[in-house]
A.B. asks: 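Attaching a single structure in structure tokens format; questions to follow.
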Amino acid sequence: MAPPLLLAVGRARGGPEAALFEHHNARLRPPLLLRELPEARGSAAEMRRREGAAILAALPDGALAIALDLGGEMPDSERLAALTARWAEAARPLAFVIGGAEGLDESVLARAEHRLSLGRLTWPHMLVRGLLAEALFRAQCIRANHPYHRAWRPG
């Protein structure tokens with residue numbers, strides 16, 4: 001099975017956001033395969049439409065698409081571990097999708113089989129890459145009973 005794909009609009013040009021992603025992605029087994037798509041120009045609606053078309057064209061056939069979207073499910077770490085286990089059992093290529101500064105087009109959200117939110121706060125789309133990689137690494141650790149995740153915090 002191919003490694004999970006991360007389709008992300010925009011090009012990381014180094015800096016702390018790229019380093020955060022690289023740090024946590026290197027810990028994932030297997031690491032995410034990052035494919036960066038160019039940012040579009042134009043009005044917000046035109047940018048979303050153009051970027052959405054590029055995302056849809058880049059999705060592998062039969063991929064289980066998971067859109068990072070502010071309106072998506074906000075699981076805790078244990079729930080994300082359960083979701084990743086379910087996605088792995090689907091035995092389909094996984095593709096996480098992060099839109100550009102204007103967000104994801106409705107066509108991408110309609111294609112996605114799951115919408116995932118990293119919380120109610122709005123995060124810069126370059127930072128979301130690192131946050132996602134850390135969350136996925138934490139989910140792997142939970143599934144493997146590794147002590148990285150400390151579930152001791154009060155509810």
Side-chain angles (χ1 to χ4, degrees), residues 1-12 15-37 39 48 51-52 54-56 58-155:
M1 174 87 54
L5 179 63
L6 173 55
L7 292 174
V9 173
R11 302 229 182 267
E17 296 90 350
L20 179 70
F21 172 73
E22 290 167 9
H23 172 75
H24 289 293
N25 194 44
R27 301 171 92 181
L28 281 169
R29 296 293 175 259
L32 295 166
L33 176 62
L34 174 63
R35 179 159 180 211
E36 295 178 316
L37 302 171
E39 293 177 286
R48 280 191 303 273
E51 291 168 357
I55 290 167
L56 293 174
L59 278 171
D61 290 339
L64 194 158
I66 299 122
L68 277 287
D69 179 60
L70 190 59
E73 179 182 353
M74 289 184 278
D76 61 16
S77 296
E78 288 83 4
R79 171 76 177 129
L80 182 59
L83 284 170
T84 59
R86 190 178 84 204
W87 296 335
E89 290 171 2
R92 293 171 51 201
L94 285 182
F96 294 91
V97 179
I98 300 172
E102 298 299 334
L104 290 168
D105 189 67
E106 282 300 319
S107 62
V108 175
L109 295 174
R111 166 62 176 83
E113 294 180 50
H114 197 91
R115 294 182 192 186
L116 180 65
S117 174
L118 298 178
R120 291 186 171 171
L121 296 173
T122 301
W123 297 103
H125 64 282
M126 288 294 172
L127 187 56
V128 170
R129 297 173 185 197
L131 295 173
L132 174 64
E134 193 284 335
L136 293 173
F137 174 69
R138 183 175 298 274
Q140 280 186 351
C141 288
I142 290 168
R143 290 171 48 198
N145 293 315
H146 185 280
Y148 178 80
H149 177 70
R150 293 169 178 84
W152 52 262
R153 68 165 177 73

A.B. asks: Using side-chain contact (heavy atoms from CB on, under 4.5 Å) as the criterion, point out the one residue from I66, L127, L6 that pairs with L132.
C.D. replies: L6

A.B. asks: For the residue pair D69 and S117, what are the closest heavy atoms and their distance?
C.D. replies: O-CB, 3.2 Å

A.B. asks: A side-chain contact here means heavy atoms from C-beta on lying under 4.5 Å apart; do I55 and D105 qualify?
C.D. replies: no

A.B. asks: I need the T84 OG1 to R79 CZ distance, nearest 0.5 Å.
C.D. replies: 10.0 Å

A.B. asks: For the side chain of Q140 and the backbone of L28, is there at least one donor-acceptor N/O pair under 3.5 Å apart?
C.D. replies: no

A.B. asks: Quick one: does L109's side chain get under 4.5 Å of R115's, heavy atoms only?
C.D. replies: yes

A.B. asks: Is it the case that atom CH2 in W87 sees more than 12 heavy atoms from other parts of the structure closer than 6.0 Å?
C.D. replies: yes

A.B. asks: Partners of R92 by salt bridge (Lys or Arg N to Asp or Glu O under 4.0 Å), sequence neighbours excluded?
C.D. replies: E113

A.B. asks: Answer yes or no: is there a side-chain heavy-atom contact under 4.5 Å between E73 and H114?
C.D. replies: yes

A.B. asks: Out of curiosity, R27 CZ to E134 CD, how far, rounded to the nearest 0.5 Å?
C.D. replies: 8.0 Å

A.B. asks: Over all heavy atoms of both residues, which pair between R35 and A58 is shortest? Give the atoms and the distance, please.
C.D. replies: NH1-CB, 3.4 Å

A.B. asks: Within the 4.5 Å heavy-atom criterion, are V9 and I98 side-chain neighbours or not?
C.D. replies: no

A.B. asks: Which atom pair, heavy atoms only, marks the closest approach of A112 to A67?
C.D. replies: CB-CB, 3.7 Å

A.B. asks: What distance separates L59 CG from R111 CZ, expressed to the nearest 0.5 Å?
C.D. replies: 5.0 Å

A.B. asks: Tell me whether the rings of H24 and F137 are parallel (<30°), tilted (30 to 60°) or perpendicular (>60°).
C.D. replies: tilted

A.B. asks: Could you pull out the closest heavy-atom pair between P4 and P30, with the gap in Å?
C.D. replies: CD-CG, 3.7 Å

A.B. asks: Please tell me if the side chains of L116 and L80 come closer than 4.5 Å, counting only heavy atoms from C-beta onward.
C.D. replies: yes

A.B. asks: Supply the atom-to-atom distance R129 CZ to E17 CD, rounded to the nearest 0.5 angstrom.
C.D. replies: 10.0 Å

A.B. asks: How long is the span from the CG atom in D76 to the CZ atom in R138, to the nearest 0.5 Å?
C.D. replies: 11.0 Å

A.B. asks: For A18 and A12, which heavy atoms make the closest approach, and how far apart are they?
C.D. replies: CB-CB, 4.1 Å

A.B. asks: Measure the spacing between SG of C141 and CZ of R143 and express it to the nearest 0.5 Å.
C.D. replies: 11.0 Å

A.B. asks: Check for a donor-acceptor pair, side chain of R11 on one end and backbone N or O of E36 on the other, with a separation under 3.5 Å.
C.D. replies: yes

A.B. asks: Which atom names give the shortest non-hydrogen contact between R48 and G103, and what distance separates them?
C.D. replies: CG-O, 3.6 Å

A.B. asks: For L32, does its backbone N or O pair with a side-chain atom of N25 as donor and acceptor, under 3.5 Å?
C.D. replies: yes

